[in-house]
Structures are given as C-alpha cells and as structure tokens.
Amino acid sequence: MIRKLSILVLSMAALAPAFAMDAAQSEAKQVIALQNGENLYIFKDGLMAKESKFGRVIHLSKGEVVQTADGKSITTTGNEVARLHFLLNKGHGN
C-alpha cells in the first residue's frame, strides 16, 4: 500500500512541471522555438517573453533580434519577465 502511494506521489511530482508549462502555453498566443534551445512566448496582447532551455525566464532587451529554429529573425517587443515567471511557476505553491 505504501509502495503504491509512493509511486502515485512521484508520478504527480513528475507531472507538475508539465501542468505549469501548460499554463504558460495556454496563456500565450504562440510559442516559438529559438535556435539555441530557448522559447519565445508571444502573448495575445503582442508582448513577448523568453524562456531558457533550462526552463528559466530570460530578460529581453528592447528591440532584441532573436533567431528562430528555422532561421527567421524576430524583433522582440516587451519584456514580460514577471508574467512568464508567474505562469511557469503556477501550481508549484510558491
């Protein structure tokens, strides 16, 4: 019984990051993969935020040009660090 409970708890802990990532992706209008493994989130109001390949929020400079995984260039607007940080941590209890 304890073993089954432990497996259930570990399974739920493994799924927690997926639920948080889902919150960020559902809030964003589009998520674009960048060349260096990062992700660019474009929200419905046109503002953007960037996530590192390790899942951390990265600061965007005004007018920064980023390269997509397929080689296109995008000039960023906005720096929604707090918004993305909140969405990525949603459901983690902090």
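In this structure, CD1 on Ile42 lies 10.5 Å from CG on Leu47, to the nearest 0.5 angstrom. The CG atom of Leu88 lies 12.0 Å from the CZ atom of Arg56; values are rounded to the nearest 0.5 Å. A distance of 5.5 Å separates CG of Leu87 from CD of Glu27, quoted to the nearest 0.5 Å. Distance NE2/His85 to CD/Glu80: 14.0 Å, rounded to 0.5 Å. Taken to the nearest 0.5 Å, the CG atom of Leu60 stands 6.5 Å off from the CG atom of Leu40. Expressed to the nearest 0.5 Å, how far CD of Gln35 lies from NZ of Lys72 amounts to 12.5 Å.
Within the 3.5 Å criterion, the main-chain N or O of Val65 finds no donor-acceptor partner in the side chain of Ser73. Counting only distance, with no hydrogens or angles, the side chain of Asn39 and the backbone of Val31 share no donor-acceptor pair below 3.5 Å.
With respect to Glu64 and Lys50, a salt bridge is recorded, a charged nitrogen being found less than 4.0 Å from a carboxylate O.
For Lys62, the NZ atom counts as loosely surrounded, since its 6.0 Å shell holds 12 or fewer non-hydrogen atoms of other residues, nucleotides or ligands.
The two residues Asn79 and Ile58 have their closest heavy-atom pair at OD1-O, 4.4 Å. Smallest separation of non-hydrogen atoms from Phe43 and Ala28: CD2-CA, 3.9 Å. In terms of heavy atoms, Leu34 sits closest to Val66 at CD2-CG2, 4.0 Å.
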| field | Tyr41 and Glu51: CA distance, side-chain angles, deciding distance, side chain to side chain donor-acceptor pair (under 3.5 Å) verdict | value | CA-CA 8 Å; Tyr41 289 80; Glu51 175 190 18; 2.7 Å; yes
